[in-house]
Number of protein chains: 2
Amino acid sequence: MRQLPHPATEDIRLTEVLRALADPVRLEIAVRLAAQTEQNCSSVLEELGVHKSTASHHYRTLREAGVLLTRQDGRQKYMRLRREDLDARFPGLLDTILRAAQTDVTIAPDAVPAPHDGA
Amino acid sequence: MRQLPHPATEDIRLTEVLRALADPVRLEIAVRLAAQTEQNCSSVLEELGVHKSTASHHYRTLREAGVLLTRQDGRQKYMRLRREDLDARFPGLLDTILRAAQTDVTIAPDAVPAPHDGA
DNA sequence: CGCATAGTTTGATAATTGTCAAACCATGCG
DNA sequence: CGCATGGTTTGACAATTATCAAACTATGCG
């Protein structure tokens, strides 16, 4: 079982969650996960146009903050928000942030579509 | 007059607010402001045990993120949360975070005297 | 005016972080 | 087994940041 380490619900720290979601790329990941329940790692990285290892780094940050959970299925890994745990720990927090994210532009739209180079 | 620059309500960015509140010291400042409406700069820095310039830096960060507002009165400056503006921009966000902050330890208790009851 | 007070700004430093690239590891398939 | 695939880890680097200290600015008071 290649279960990567996740914090227990009671060990989730508010500042960690906020810091994890304070990054545009990670916030966008959370928004997409919220819309799609579960998501493959590579699908995210392709859509956001970041390098594989960068994506992995962001997953880890979100995972260690307690925001998402990684499940392995065959050769792939799927991520999913820890909705219930987060809601138990900090009621309403995730939903409020996700709702706020939809009224704010987190990533420049032209930066997202294709995995074009750029920087 | 001596108004330091604050972003307009519509210019408040979610990731900036989250990043501002993701720091333990700043989150604590926000919590204290929420409890006391308005607060003198030095009172905060004394209670949190950080240097004057460090406190000023945190105020600035919060101010530029749109979280608080600085008002000058005589020789002193008073800060206050931008509750209405934040609520207009991101409904429920501030309250939810502040409520979450009360169920989580943001700063080591021995480093800071509690806001109310004895420490 | 001169001095004390309240904060800000600048400087310096150490720590953290976001990013890509390349090497690595685990899983499934032929 | 050997290889391709999907992610992670490590390395390196630039950028940001948290902090203290010291200099600076502005305000009020005598």
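Letters A, B, ... mirror the listed sequences (proteins, then strands); counts begin at 1.
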Among the nucleotides dT9(C), dT8(D), dA6(C), whichever has the atom closest to the side chain of S56(B) is dT9(C)
What is the separation between atom [atom1] on [X] and atom [atom2] on [N], rounded to the nearest whole Å?
| X | N | atom1 | atom2 | result |
| --- | --- | --- | --- | --- |
| Q76(A) | dG28(C) | CD | C1' | 11 Å |
| L27(A) | dT17(C) | CG | P | 18 Å |
| Q72(B) | dG7(C) | CD | C1' | 9 Å |
| E64(A) | dT16(C) | CD | C1' | 14 Å |
| D73(A) | dG28(C) | CG | P | 8 Å |
| M79(A) | dG6(D) | CE | C1' | 12 Å |
| N40(B) | dT5(C) | CG | C1' | 11 Å |
| R60(A) | dG18(C) | CZ | P | 12 Å |

Would you please name every residue forming a side-chain hydrogen bond (donor to acceptor under 3.5 Å, both in side chains) with H57(B), sequence neighbours left out? none
Contacts of type side-chain hydrogen bond (donor to acceptor under 3.5 Å, both in side chains), residue S53(B), not counting sequence neighbours: H51(B)
For R19(A), check salt bridge (Lys or Arg N to Asp or Glu O under 4.0 Å) against everything at least two apart and list the hits. E16(A)
Applying salt bridge (Lys or Arg N to Asp or Glu O under 4.0 Å), name anything that partners D85(A), two or more places apart in sequence or on another chain. R82(A)
Check the interface with nucleotides 18-20 of chain D: list each N/O to N/O pair with the protein under 3.5 Å, or write none.
from, atom 1, to, atom 2, distance (Å)
dA18(D), OP1, R26(B), NH2, 3.3
dA18(D), OP2, R26(B), NH1, 3.1
dA18(D), OP2, H57(B), NE2, 3.2
dT19(D), OP2, H58(B), NE2, 2.4
dC20(D), OP2, H51(B), N, 3.1
dC20(D), OP2, T54(B), OG1, 2.8

With heavy-atom distances below 4.5 Å as the criterion, would you say the side chains of L14(B) and L27(A) are in contact? yes
Under 3.5 Å, side-chain donor or acceptor atoms of residues 92-102 of chain B against the rest of the protein: list the pairs with distances, not counting sequence neighbours.
from, atom 1, to, atom 2, distance (Å)
D95(B), OD1, R83(B), NH1, 3.2
T96(B), OG1, T96(A), OG1, 3.4
T96(B), OG1, G92(B), O, 2.6

Please tell me if R75(B) has a side-chain N or O lying less than 4.0 Å from either OP1 or OP2 of dA4(C). no
State whether R71(B) places a side-chain N or O below 4.0 Å from either non-bridging phosphate oxygen (OP1 or OP2) of dA6(C). no
Grouping I, L, V, M, F, W and Y whenever their side-chain heavy atoms are under 4.5 Å apart, do L68(A) and V31(A) come out in a common cluster? yes
